[in-house]
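This report refers to the structure that appears directly beneath it.
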Amino acid sequence: MSNLVLQARALSKKFVGVQALDKVSLGIETGTIHCLAGENGSGKSTFVKTISGLYQPDEGDILLNGNVYTGLTPVQAMREGVQVIYQDLSLFPHMSLAENIALNRLRLSGAKIVDWKKIWRIAKEQTEKIGVDIDLNATAMETSMAGRQITAICRALSQDAKLLFMDEPTAALTRQEVDRLLKVVQELKNKGLSVVFISHKLDEIFRISDNITIFRDGKKIGDFASGQLDEKSLAYHMTGRDVRYPRYRRSLGDDTPLLQVKGLNKQGHYQDVSFQIRPGDILGLIGLLGSGRTEFALSLFGLNPPEEGVVVFEGETVRVASPVEANRLGIALLPEDRGSQGLFKERGIRENVTSTLLGRLASGFRALDREKEREIAEEGVKKLRIRAPGIETPVGTLSGGNAQKVVVAKWSAANPKLFIMDSPTVGIDIGSKAEIYEMVQSFARGGMAVLFITDELEELMCNCNRVLVMGNHRIIAELDENAMTQSDAERRIADLIGGSAGKEVEV
Amino acid sequence: MKMSDKPANVTKKAKKTQKDGSLYILFGLTFVSAAVFAVVFGESMYSARNLRSMAYQMPEFGLLALGMMLAFLIGGIDLSIVAIANTSGIMAALVLTGAWMLGLSGSALIAAAVAAGLTTAVIFGLFNGFLITKLSASPIIATLGTMTFYSGIGMALTGGKGITGLPSGFTSFGTAEILGVPVIFICFVSVAALLSLLLSRTALGRRMYLYGENPLAARFSAIDIESIGFWIYGVIGLLAGMSGHIIISRVNSAKVGYGDAYQLQALLVCVIGGIHPQGGRGKALGVVCAVVLMQMLSSAFTIWQFSPYAKKLIWGSMLIVMLGLEYLSEKRNVRRELRQKVVH
Amino acid sequence: MRDLMGDLTGRIRHRRVNATEGILAGIILLYCVMVAAVNPAFLSVETLFDIVRSSSTAVIVGMGLLLVMLSGGIDVSFMSIALFGSYVAAYAMIRLKIDSLAFAFAVSIGLGTILGLVNALLVNWLNLPPFIVTLGTQNLFHGVMTTFISDKTFGAGVIPSALSKFGSATLFTLKTRQGVMGLTAAVIPMSIAVLLTWFIVSHTLVGRGVVAMGNSPESARRAGFNLLKLRLFAYGYIGALSAVMGVVYISQVNAVYPNKLVGSELMIIAGAVIGGVKDTGGRGKVLGVILGITIIYLLNSTLIFLGLSSSWNNFFVGTLLVASVGVTSWQNRRKNRKNLLFTE
């Protein structure tokens with residue numbers, strides 16, 4: 001038992017109505033890399049926040065280095081050597097990397113005076129410890145995502161971390177950067193640190209971890225040694241067997257393209273993007289974050305004007321200069337960040353749903369047609385099965401899944417011809433996921449074209465009848481309907497995404 | 001269908017009382033103060049003369065407050081309204097007094113003067129809008145800058161001296177009455193009513209509220225926030241310009257520095273009137289109500305012969321207290337919402 | 001969104017050390033050359049000493065403003081605080097017949113710090129834009145002072161001699177053609193304020209904490225900083241410096257007025273903004289503020305040399321401020337749009 005740096009015993013945590021953690025017991029061994037796997041909302045993050053002292057558990061206790069706690073404060077957690085690198089990294093954008101690394105340590109040590117020599121010494125020491133070379137003079141704002149990630153690691157190390165949690169550390173990194181980061185993590189392990197890696201990328205989990213713990217719906221499904229699992233069984237445990245999504249096939253006869261994109265270019269964002277999409281297509285666009293997929297999606301919606309290339313919509317060459325223009329043409333976008341880009345949280349469902357079609361409820365300075373507005377909102381609630389007390393419920397009080405359905409309803413009410421969905425199922429529960437898939441497929445069956453952006457292979461396979469793979473800011477492969485029905489389609493796509501690593505150097 | 005109808009209506013009602021609660025409190029407060037003043041002052045407060053003089057004083061300040069309200073609603077602020085009012089008045093006065101006679105006289109001259117004044121005001125407003133929406137300058141800093149700039153223009157044009165001797169044809173507008181009601185008061189009420197309808201009934205009004213609450217989501221909902229913001233600041237300029245004209249016609253002169261106290265009062269009236277300083281919430285009716293309340297207080301202060309300093313004390317503490325109340329009621333709402341947090 | 005920032009800015013390492021400061025210094029130099037070309041009388045020790053004397057008070061309080069703006073806040077009540085502290089100190093000296101400079105500073109600083117702390121608490125609790133909160137306290141503080149303490153003016157004869165002596169004291173004197181010129185003793189508190197602020201901002205943990213909070217409040221909290229304490233420090237600090245500035249000011253003008261200072265906050269804020277301090281927090285330098293304020297006072301005191309009356313002051317300061325705000329926000333917006341950030 002003495003080689004356990006952390007032992008959690010029967011931790012439970014409940015939020016208004018949700019059992020976020022349900023009697024979870026878990027041990028982390030010293031000097032290992034332990035992976036927490038599970039879908040969004042499975043309880044991984046709640047577990048981390050409980051250990052780092054941000055949440056107090058309702059039941060259970062925590063053993064850190066032999067000391068028993070029934071609840072921790074952040075400072076106690078840090079004193080016990082628990083460090084967490086959150087997904088947003090918590091860096092200070094306009095401060096130098098050196099200061100970003102050293103400031104927390106100075107703060108904890110209770111220093112009053114800032115000794116810049118000491119800051120530099122701490123920063124250099126940490127970067128040397130893990131053998132990386134970053135420009136410590138640069139501000140975080142000027143540094144690449146990978147550099148920021150390294151900075152956050154150095155900051156954690158400078159505070160004598162014994163147990164380091166990393167929340168989705170590779171989400172925003174290119175393949176090469178991921179390799180470099182994983183090497184660093186390996187190095188930390190060799191130095192005797194325990195690293196807890198939170199990820200839902202299966203290949204990384206297998207590459208790096210010694211032990212894997214799987215979470216689902218707030219419960220621990222099981223602890224496994226890395227060798228005990230393969231990708232298939234891991235995925236099975238993560239999702240559970242009962243969820244099976246219907247596979248989409250296009251049934252429309254009309255093959256006239258709705259949208260043709262020819263040689264679209266934007267320096268630093270994406271290069272030479274060409275494809276076409278027909279009504280009834282659900283065209284998957286898969287690629288890592290940073291592959292250029294969101295940048296491209298925004299271009300079609302008028303928010304990131306391309307520098308070169310032609311967009312033909314319904315047979316006419318168009319220049320989508322603004323979202324207003326996009327909406328007029330019949331192009332909708334479900335944005336990546338639901339909370340800040342998709343919703344008016346203090347407003348009710350009604351006002352959210354009709355926000356995209358106000359022009360149709362009244363022309364000029366004439367009064368809005370309230371009756372029609374109410375009907376539209378109620379229809380949206382019914383069609384998308386949004387669970388809420390009524391159409392005036394502020395959307396900020398809805399669960400992630402229901403809130404996302406409001407965003408879908410708001411754009412489907414505008415009857416778009418092309419619906420671009422950027423990561424539509426991030427952070428929502430499995431039940432809502434299935435309902436959203438069902439909706440998307442019924443939109444397409446009704447003749448809508450959908451551009452479905454995702455980085456989850458599973459949802460790509462079940463929803464999309466064609467797939468574009470993006471990497472290195474360009475489209476590296478297209479799988480047509482035929483290719484998608486082959487049994488090796490999933491493998492091919494996975495390889496393509498993985499394979500884009502080697503070409504990174506050219507950019 | 002019937003099942004889902006019921007809860008919808010129930011929450012609708014619940015929400016109405018919750019959202020308009022502060023408005024009712026405001027109505028209540030206004031009536032109570034009106035009653036209290038009636039008891040305390042009697043005739044001196046509600047004499048026809050005093051009522052009329054209140055009706056004369058309200059518009060110039062009320063129009064500025066409505067302008068500030070528009071800026072607040074879209075999540076901004078306009079600190080240049082008084083500067084716009086003054087400089088627009090100076091422009092009009094320069095034309096009126098013959099500095100820039102343009103070879104006109106009589107009512108043509110007055111029309112030209114008003115046109116010059118209002119055009120200036122609108123251009124100033126649009127320039128604010130340009131800085132804030134097209135260059136993404138922060139509203140506070142941008143309008144702090146243009147406030148200096150616009151009053152600097154007025155100052156440079158007049159050398160800081162007042163322009164006097166406006167033709168009576170112009171000043172009579174400020175004192176004109178229809179059925180015993182000042183024309184300028186009718187102007188103010190119509191503008192307020194128009195804005196109220198615009199905000200509560202039209203698509204533009206709805207878009208402004210959405211813009212004020214979350215400009216990013218508004219942009220992603222295909223709402224043209226840049227154009228809306230640009231023109232709204234133009235409208236604010238127009239309202240400030242109208243106020244400027246009323247001021248010069250009342251005092252019969254134009255000068256930099258008139259109405260400086262209105263800046264704070266306009267902000268205060270918006271806060272009292274329930275316009276949230278961070279945008280997206282509030283009603284024109286609330287502002288009108290707050291303007292009336294303020295005017296009654298002002299009149300009371302005049303009767304009591306309060307010094308300008310005491311007024312400052314009262315306005316300042318009212319602003320802080322109102323912000324505090326706003327904060328408390330918000331906290332209560334958040335708690336209420338958390339309690340009824342919906343679970344899938 | 002966030003993934004992009006990295007790729008774009010990855011290796012672009014432009015040493016933007018003192019970019020703003022360099023441009024400002026260039027502008028100052030160019031302007032001086034221009035004025036000197038028009039009027040050679042400008043190039044004299046007198047002008048220099050004069051500008052130092054007139055801008056010393058602004059620099060002192062500008063240092064406090066830097067700290068508040070670094071924290072991501074703003075304060076428009078500092079002139080009210082300066083007046084409050086210095087007026088009460090002088091009033092007490094006259095009433096109690098205490099003739100000591102140290103007493104004046106002690107009383108003033110004590111009061112100023114308390115009022116600053118009040119601001120910090122209100123900003124922290126109300127969780128509303130600090131601009132509106134401090135606009136309220138600006139009036140509140142001034143109102144409290146004039147209503148409850150005194151609103152009398154004390155002229156040259158009544159002013160304690162310690163103050164008037166300090167106001168006219170010089171560090172050293174130079175004999176020139178016009179007579180004997182001295183460098184004002186206000187340089188001492190000014191230098192202390194500058195050095196102290198520089199030390200706090202770059203060499204103390206609380207200073208770095210303030211900067212960290214301006215960068216990202218959430219990250220600062222996670223790093224273990226107490227945001228309330230940091231706010232108390234920043235607003236308390238500007239309160240203390242304002243109080244120092246108030247004493248220097250009444251000494252220089254050799255009189256105490258109950259209505260001076262308040263209302264002239266804008267020039268200091270303008271100086272800070274022109275000097276490159278961002279109202280979004282986390283960015284700004286001591287040197288930038290000094291240069292920004294220098295430009296404004298240079299303009300104010302040299303228009304005469306160009307044959308322009310002082311009524312052009314606001315026009316030029318306004319133009320400069322609007323131009324500087326316009327250009328920097330436009331650059332910022334372009335950078336944000338490239339990184340697909342659509343927040344204003």
Side-chain angles (χ1 to χ4, degrees), chain B residues 75 77 79 127 130-142 144-161 215-216 219-220 225 256 260 263-264 267-268 271 277-278 307-324 326-327 330, chain C residues 74 76 80 122 125-129 131-133 135-148 151 258-259 262-263 266-267 269-270 273 278-280 308-330 332-333 336-337 341-344:
Chain B
I77 194 168
L79 303 173
F127 184 62
F130 171 75
L131 286 172
I132 292 164
T133 63
K134 308 286 179 184
L135 301 185
S136 299
S138 92
I140 288 185
I141 300 292
L144 217 53
T146 54
M147 163 182 141
T148 323
F149 181 56
Y150 300 155
S151 63
I153 292 174
M155 195 75 175
L157 285 173
T158 59
K161 288 189 279 292
L216 190 59
R219 197 186 279 278
F220 274 86
I225 59 170
V256 172
D260 274 353
Q263 189 73 57
L264 174 76
L267 272 164
L268 177 57
V271 174
Q278 274 155 336
S307 73
Y309 296 131
K311 286 186 197 166
K312 262 192 142 172
L313 171 67
I314 292 165
W315 298 146
S317 39
M318 266 176 85
L319 182 53
I320 299 291
V321 168
M322 290 312 291
L323 289 177
E326 176 110 9
Y327 165 75
E330 204 158 286
Chain C
I74 196 158
V76 290
S80 216
L122 287 173
W125 286 338
L126 298 181
N127 194 24
L128 281 167
F131 177 85
I132 296 187
V133 174
L135 190 66
T137 56
Q138 174 198 67
N139 288 274
L140 183 63
F141 296 159
H142 192 205
V144 166
M145 182 199 101
T146 44
T147 311
F148 297 117
D151 57 0
N259 56 353
V262 182
L266 181 63
M267 284 299 149
I269 298 174
V273 171
K278 298 280 181 289
D279 66 321
T280 44
L308 285 167
S309 79
S310 63
S311 47
W312 285 84
N313 278 358
N314 273 4
F315 179 78
F316 284 107
V317 173
T319 311
L320 199 62
L321 186 55
V322 168
S324 133
V325 168
V327 170
T328 51
S329 13
W330 182 66
N332 212 27
R333 175 187 165 113
N336 281 344
R337 289 294 187 272
L341 294 173
F342 299 97
T343 42
E344 293 321 305

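Residue numbers begin at 1 in each chain, while the letters A, B, ... track the order of the sequences. What you see below is based on every heavy atom in this structure, not just the backbone, and it leaves out hydrogens, waters and symmetry mates.
- Between chain B and the options C/Thr146, C/Leu308, C/Leu321, heavy-atom pairs under 4.5 Å are most frequent for C/Thr146.
- Top candidate by heavy-atom pairs under 4.5 Å with chain C, chosen from B/Leu144, B/Leu131, B/Val256, is B/Leu144.
- Each of B/Ile153, B/Leu216, B/Leu319, B/Leu323 has some count of heavy-atom pairs under 4.5 Å with chain C, and the biggest count is that of B/Leu323.
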- [ ] Kindly indicate, with the supporting measurements, whether the criterion side-chain contact (heavy atoms from CB on, under 4.5 Å) is fulfilled by C/Leu128 and B/Gln278.
- [x] CA-CA 8 Å; C/Leu128 281 167; B/Gln278 274 155 336; 4.0 Å; yes

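- Of the two parts of C/Met267, only the side chain, counted from C-beta on, holds a non-hydrogen atom closer than 4.5 Å to a non-hydrogen atom of chain B.
- Nearest heavy atom pair, residue B/Ser317 against residue C/Leu140, reads CB-CD1, 3.4 Å.
- Contact annotation for C/Ile132: both backbone and side-chain heavy atoms come within less than 4.5 Å of a heavy atom of chain B.
- Of the residues considered (C/Pro129, C/Ser309, C/Ser311), C/Ser311 shows the highest number of contacts with chain B, using heavy-atom pairs under 4.5 Å.
- Put simply, of B/Lys311, B/Met322, B/Lys134, B/Met318, the one with the most heavy-atom pairs under 4.5 Å next to chain C is B/Lys134.
- Each of B/Thr146, B/Thr158, B/Ile140 has some count of heavy-atom pairs under 4.5 Å with chain C, and the biggest count is that of B/Ile140.
- There is no contact between C/Leu320 and chain B, counting heavy-atom distances below 4.5 Å.
- Highest contact tally toward chain B, considering only C/Asp151, C/Leu266, C/Val144, is held by C/Leu266 [criterion: heavy-atom pairs under 4.5 Å].
- Only the side chain of B/Ile77 comes within less than 4.5 Å of a heavy atom in chain C; its backbone stays farther off.
- Interface remark: C/Val76 contributes no atoms to any contact with chain B (heavy atom separation under 4.5 Å).
- With a 4.5 Å cut-off on side-chain heavy atoms, C/Asn139 and B/Leu313 do not count as touching.
- Interface remark: C/Thr137 contributes backbone and side-chain atoms alike to the contact with chain B (heavy atom separation under 4.5 Å).
- Counting heavy-atom pairs under 4.5 Å between each of B/Ser307, B/Gly324, B/Gly316, B/Ala310 and chain C puts B/Gly316 at the top.
- Counting heavy atoms from C-beta on, the side chains of C/Ser80 and B/Lys312 never come closer than 4.5 Å.
- Interface remark: C/Val273 contributes side-chain atoms only to the contact with chain B (heavy atom separation under 4.5 Å).
- If you measure heavy-atom distances from C/Thr319 to chain B, the contacts under 4.5 Å come from both the backbone and the side chain.
- Considering NZ of C/Lys278 and CD1 of B/Ile141, their distance stands at 10.5 Å, rounded to 0.5 Å.
- Heavy-atom distances place no part of B/Leu268 under 4.5 Å from chain C, backbone and side chain included.
- Ranked by heavy-atom pairs under 4.5 Å with chain C, the list B/Phe127, B/Phe149, B/Phe130 is led by B/Phe149.
- The part of C/Phe148 that comes within reach of chain B is its side chain, from C-beta onward, which places non-hydrogen atoms under 4.5 angstrom from that chain.
- Between chain B and the options C/Asn314, C/Thr147, C/Asn332, C/Ile74, the largest number of non-hydrogen pairs under 4.5 Å is found for C/Asn314.
- For a residue to count as touching a neighbouring chain, one of its non-hydrogen atoms must lie under 4.5 Å from one of that chain's; by this rule C/Leu126 touches chain B with backbone and side chain alike.
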